[in-house]
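Below is one structure; the comments refer to it alone.
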Amino acid sequence: MVALTLPDGQVRQYYAAVSGADVAADIGPGLAKAALAIRVNGDLWDLSRDLGDDADIAIVTAKDEDAVVLDLLRHDAAHVLAEAAKELYPDIQVTIGPAISDGFYYDFSRDEPFTPEDLEAMEARMHEIVDRNEEVTREVWDRDAAIELFKSMGEHYKAEIISEIPGDEPITLYRQGEFIDLCRGPHLPSTGKLGHAFKLTKLAGAYWRGDARNEMLQRVYGTAWRNEKELKAYLHRLEEAERRDHRRLGREMDLFHFQEEAAGMAFWHPKGWTLYRTVEAYMRRTLEAAGYVEVKTPQLVDRMLWEASGHWEKFRENMYTSESEERIFALKPMNCPCHVQIFNQGVKSYRELPLRMAEFGSCHRYEPSGSLHGLMRVRGFVQDDAHIFCTEDQINSETKQFCELLTGIYRDFGFEEVQARFSDRPEVRAGTDETWDKAEGALRNAVEEAGIDYTLNPGDGAFYGPKLDFELTDAIGRQWQCGTLQVDFVLPERLDAEYTGEDGARHRPVMLHRAILGSFERFIGILVEQYAGGFPLWLAPTQVAVTTITHDGDAFASEVAERLKVAGLRVVLDTSAEKINYKVRLHSHAKVPAIIAVGKREAEDGSVSIRRLGSKEQQSLALDEAVARLSDEARAPGT
RNA sequence: GCCCUCAUAGCUCAGGGGUAGAGCACCCCCUUGGUAAGGGGGAGGCCGAAAGUUCGAAUCUUUCUGAGGGCACCA
């Protein structure tokens with residue numbers, strides 16, 4: 001006899017073996033129809049599986065927790081895709097096909113590449129398979145028999161996967177129609193349950209087992225949802241992301257461009273550079289207020305220094321080099337060794353610590369061509385870098401201060417949500433356990449006291465010290481890793497940094513490597529996407545457009561523009577012979593936050609009509625009042 | 001770096017073995033119109049680069065470069 005306890009506490013007793021489907025049917029025909037899977041003592045099972053023992057159970061339907069249902073659905077979609085692919089191209093090998101966020105993929109091995117037409121054909125076949133409503137059955141196989149089966153089908157990848165499944169795990173195969181696949185499950189009871197709210201989205205290459213030394217497989221990506229409405233919402237989300245794409249907006253708003261001759265390095269246009277300088281000025285001000293000193297170090301440094309710092313050995317492949325006077329120089333990929341050189345000038349006393357040394361350091365790194373991505377991944381960039389030289393005892397307070405500085409800065413840029421990832425000691429590391437204890441404890445305390453949510457990343461610290469990585473969340477929920485704080489015991493040693501302590505003896509300082517924006521390029525890319533180009537007044541490259549309705553307003557418009565400029569605002573004056581409708585449209589497209597229109601009326605009474613970006617409303621104000629309000633709003637944080 | 005796709009005017013794109021086309025943007029003229037496109041005219045391209053096939057290549061082939069989507073990488 002089996003006793004099954006439902007979520008509401010009700011206990012059902014069965015004398016014969018029952019499956020989840022049986023129980024659902026027993027409870028009611030509606031549930032039987034809606035049932036997708038069953039939860040058995042917390043684990044998700046197929047409906048067809050026999051429930052052997054007493055258990056707490058819950059029938060899973062489409063109404064259940066999003067993540068669970070969507071995962072089931074997407075995993076099934078991957079199987080249906082594989083079935084479709086096998087039907088259409090019998091010569092291919094299937095490998096793996098998991099559910100991922102927003103969808104699923106399946107990796108295939110095939111000599112001939114898939115074409116976009118193949119993608120359409122596979123999608124069409126998937127819909128057919130759903131309509132066939134094939135029953136999905138679970139089978140437990142003997143390991144060797146399963147390996148033989150897949151080998152006989154020419155599915156060598158599958159055979160390889162089976163042979164690596166731990167011995168104590170059962171080998172389960174799922175059959176739907178003619179298609180049989182190795183899978184942990186669970187699956188929906190039949191292919192019809194998938195429904196039609198899915199779409200194949202893209203073709204891509206992917207290495208077998210994610211290793212670049214292996215064969216490149218062909219990956220087919222798709223998205224799958226419970227219903228058409230959700231699918232549409234998802235596609236809409238993609239459009240929204242595309243609308244915000246900084247590469248597109250960068251061109252449309254005339255902020256920057258890239259070209260072949262300098263792949264991965266931005267050409268900043270006047271408007272983009274204005275934005276850049278605004279961000280830079282803000283950072284300079286904020287860092288100075290936080291007790292940093294700013295420095296500037298050389299771009300091109302002899303390899304001797306990189307050898308001493310250890311970069312030459314570890315990162316040489318990614319460094320640009322140049323030769324002259326029979327010496328090899330490298331464009332700096334980081335600023336830290338140079339900062340230590342400044343620290344090392346003269347004799348440092350403990351009284352000078354913590355020494356917070358900042359640089360807007362222009363760095364170059366050779367990034368693989370395939371990884372370049374607009375401003376987000378570039379080869380030439382400027383870090384908002386700084387190194388804090390301090391004692392071990394100061395790690396705690398410096399970290400805490402840093403966390404506060406960072407959240408304040410993110411907030412000023414409109415990012416409220418910050419998450420941290422805390423990476424502690426790796427297996428192979430420098431420094432004593434005692435020092436690591438101290439450093440880890442300091443970082444963890446600080447991030448907690450700063451009220452930042454954090455997750456643990458055990459063993460992922462740098463060999464020279466633990467670190468905190470900071471992620472901010474943007475307006476459409478995407479996360480970007482920008483800030484970092486790394487404790488370093490090694491570099492001061494390698495480059496022989498020291499200070500005289502209270503005891504008169506020489507000591508090694510600890511170095512905290514830290515950045516908040518990460519790189520200006522990337523951060524500005526994120527800002528563009530965050531605001532979809534519609535910047536708050538203080539950041540907008542052009543803050544006010546002064547437009548005229550008729551030429552009667554030209555003289556007054558010039559006066560208005562001049563007044564605004566004197567008040568420190570970035571203004572364009574548009575006295576062209578276009579109609580006001582056209583001008584409003586033009587400057588709205590340019591995402592100018594404030595459009596002022598002046599005509600005869602305004603010229604006569606010395607007022608202006610202001611229209612804010614995104615609003616259809618106009619506000620009529622006296623010129624003085626308008627200048628005061630706009631310049632007040634345009635004031636950058638900290639000024 | 002690897003796989004797939006792409007590269008035609010400033011932008012978005014059409015065309016396609018017989019030396020190029022639209023809309024917007026740009027310039028000029030007319031229009032002075034009260035809040036998201038008034039009208040007319042003009043200028044603008046060696047069709048990403050190189051080689052090959054061909055009587056003839058923007059079009060076909062190959063290589064290269066760059067871009068897009070992934071994978072790998074990301075001190």
Side-chain angles (χ1 to χ4, degrees), chain A residues 105 107 110 112-116 118-119 201-221 242 245 247-248 251-252 254 257-264 306 309-319 332-337 363 365-374 376-379 381 383 462-464 467 481 484 486 488 490-491 513 518-519 522 545 547-554 575-590 595-602 609-620:
Chain A
Y105 68 77
D107 285 346
R110 184 194 190 211
E112 228 180 296
F114 286 130
T115 64
D118 291 330
L119 200 68
T201 50
K202 52 200 170 194
L203 289 166
Y207 298 109
W208 167 236
R209 306 216 141 147
D211 189 329
R213 288 166 302 190
N214 290 341
E215 186 202 347
M216 175 137 310
L217 305 171
Q218 295 187 63
R219 178 170 297 180
V220 178
Y221 279 97
E242 201 183 318
D245 191 314
R247 294 166 300 184
R248 174 215 200 83
R251 186 176 52 239
E252 287 175 1
D254 197 18
H257 84 269
F258 289 91
Q259 65 186 51
E260 304 196 7
E261 292 82 353
W306 305 113
S309 70
H311 289 92
W312 191 258
E313 189 195 351
K314 280 197 91 167
F315 305 111
R316 191 185 161 178
E317 299 301 302
N318 299 302
M319 290 164 70
K332 68 174 170 186
M334 307 181 77
N335 308 298
C336 16
C363 296
R365 295 178 186 175
Y366 170 75
E367 301 284 359
S369 55
S371 69
L372 301 179
H373 182 89
M376 301 304 187
R377 185 86 179 265
V378 285
R379 289 175 172 163
F381 56 96
Q383 291 180 315
F463 75 95
Y464 51 74
K467 63 176 180 177
Q481 202 239 296
T484 187
Q486 302 169 8
D488 185 354
V490 173
L491 200 61
H513 305 247
S519 91
R522 184 173 135 90
T547 65
T548 50
I549 290 161
T550 66
H551 285 312
D552 295 336
D554 284 5
T575 56
S576 63
E578 299 294 344
K579 290 177 79 165
I580 190 63
N581 291 304
Y582 182 88
K583 296 188 192 181
V584 165
R585 182 183 149 84
L586 182 74
H587 296 109
S588 296
H589 277 171
I595 299 173
I596 286 183
V598 304
K600 218 179 205 167
R601 271 197 325 248
E602 286 77 8
S609 156
I610 303 183
R611 177 187 168 125
R612 299 303 301 259
L613 184 63
S615 162
K616 290 195 196 303
E617 309 287 304
Q618 300 146 46
Q619 190 180 24
S620 186

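A note on names: the letters A, B, ... follow the listed sequences, proteins ahead of strands, and every chain is numbered from 1.
The shortest distance between the side-chain N/O atoms of Ser371(A) and the OP1/OP2 oxygens of rC73(B) is not below 4.0 Å. Listed pair Asn581(A) / rA36(B) meets the phosphate criterion, a side-chain N or O lying under 4.0 Å from OP1 or OP2. Contact check, Arg248(A) against rG68(B): no side-chain N or O comes under 4.0 Å of OP1 or OP2. Regarding contacts with the backbone of rA25(B), every side-chain N or O of His589(A) stays at 4.0 angstrom or more from both OP1 and OP2. Applying the 4.0 Å criterion to OP1 and OP2 of rC4(B), one finds that Arg219(A) has every side-chain N and O outside that range. In terms of phosphate contacts, Tyr366(A) brings a side-chain nitrogen or oxygen within less than 4.0 Å of OP1 or OP2 of rG1(B). Contact annotation: Arg247(A) reaches the phosphate of rG69(B) (side-chain N/O to OP1 or OP2, under 4.0 Å).
The interatomic distance linking Asp107(A) (CG) with rC2(B) (C1') rounds to 14 Å, in whole Å. The nearest whole Å value for the distance from the CZ atom in Arg522(A) to the P atom in rC74(B) is 15 Å. The distance from atom OH of Tyr105(A) to atom C1' of rC3(B) is 15 Å, rounded to the nearest whole Å. Atom CD in Glu578(A) sits roughly 15 Å away from atom P in rA36(B) (whole-Å rounding). The nearest whole Å value for the distance from the NE2 atom in His373(A) to the C1' atom in rA72(B) is 17 Å. Per the geometry, CD belonging to Glu317(A) stands 13 Å off P belonging to rC74(B), to the nearest Å. Atom CD in Glu112(A) sits roughly 11 Å away from atom P in rU5(B) (whole-Å rounding). In this structure, Arg251(A) places its CZ atom 13 Å from C1' of rA7(B), rounding to the nearest Å.
Put simply, the side chain of Thr547(A) does not reach to within 4.5 Å of the side chain of Arg611(A), judged on heavy atoms. Residues Ile549(A) and Lys600(A) have side chains not in contact (no heavy-atom distance under 4.5 Å, counting atoms from C-beta outward). Annotation: side chain of Asp488(A) is not in contact with side chain of Gln486(A) (no heavy-atom distance under 4.5 Å).
The residue Asn318(A) sits close to a base: some heavy atom pair falls under 4.0 Å. Within 4.0 Å (heavy atoms only), Lys314(A) reaches no atom of the nucleic acid at all. When heavy atoms are screened at a 4.0 angstrom cut-off, Ala212(A) is found touching the sugar-phosphate backbone but no base atom. Base contact: Pro368(A) has a heavy atom under 4.0 Å from a base atom. Across all strands shown, Phe258(A) has no heavy atoms under 4.0 Å from either base or sugar-phosphate atoms. At the heavy-atom level, Lys583(A) lies nowhere under 4.0 Å from the strands shown. If you check every strand for non-hydrogen atoms under 4.0 Å, Ala577(A) touches a base. Contacts of Gly210(A) with the nucleic acid, taken as non-hydrogen atoms under 4.0 Å apart, involve only primed sugar atoms and P, OP1 or OP2.
Here rA14(B) sits opposite no nucleotide as a Watson-Crick or G-U wobble pair (both hydrogen-bonding atom distances under 3.5 Å). In this structure, rA58(B) makes no Watson-Crick or G-U wobble pair, since no nucleotide meets both defining distances under 3.5 angstrom. Judged by Watson-Crick or G-U wobble contacts below 3.5 Å, the nucleotide rG42(B) has rC26(B) as its partner. Across all strands shown, rG1(B) is found opposite rC71(B) as a Watson-Crick or G-U wobble partner, with both distances under 3.5 Å. If you check rG33(B) for Watson-Crick or wobble pairing at under 3.5 angstrom, you find it has no partner at all. Base pairing analysis places rU53(B) opposite nothing; no Watson-Crick or G-U wobble pair with both distances below 3.5 Å involves it.
Judged by distance alone, with hydrogens and angles left aside, the side-chain atoms of Gln218(A) form a donor-acceptor pair with the main-chain N or O of Glu112(A) at under 3.5 Å. One N or O on the side chain of Glu602(A) and one on the backbone of Gly599(A) form a donor-acceptor pair closer than 3.5 Å. Using a distance-only test at 3.5 Å, with no hydrogens or angles considered, no donor-acceptor pair links the side chain of Lys332(A) to the main chain of Pro337(A).
Comparing the C1' positions of rA22(B) and rU62(B) gives an interatomic distance of 33 Å, to the nearest angstrom. Taking atom P in both rG44(B) and rA37(B), the straight-line distance is 31 Å, to the nearest Å. Spacing of C1' atoms, rC11(B) relative to rC2(B), comes out at 32 Å, to the nearest Å. Of the C1' atoms belonging to rA49(B) and rC13(B), the separation is 23 Å, rounded to the nearest Å. Taking the C1' atom of each, rG1(B) and rG15(B) are spaced 36 Å apart, rounded to whole Å. Between rA50(B) and rU65(B), the two P atoms lie 15 Å apart (nearest whole Å). The separation of rG21(B) from rA9(B), taken at their P atoms, amounts to 14 Å, rounded to a whole angstrom.
Each of rA75(B), rG70(B), rA37(B) was ranked by its minimum atom distance to the side chain of Met319(A); first place goes to rA75(B).
If you check distances only, the side chain of Glu602(A) does reach the base of rG34(B) with a donor-acceptor pair under 3.5 Å. For rU35(B), its base sits under 3.5 Å from the side chain of Ser609(A) at one donor and acceptor pair at least. In the interface, the side chain of Arg316(A) is not paired with the base of rA75(B) through any donor and acceptor atom under 3.5 Å apart. At a cut-off of 3.5 angstrom, counting only N and O atoms as typed in the model, there is a donor on one side and an acceptor on the other between the side-chain of Arg377(A) and the base of rC73(B).
Counting non-hydrogen atoms of neighbouring residues, nucleotides and ligands closer than 6.0 angstrom, the CD atom of Glu261(A) exceeds 12 such neighbours.
Ionic pairing of Asp211(A) and Arg213(A) is present here: one or more N-O contacts between side-chain nitrogen and carboxylate oxygen are shorter than 4.0 angstrom.
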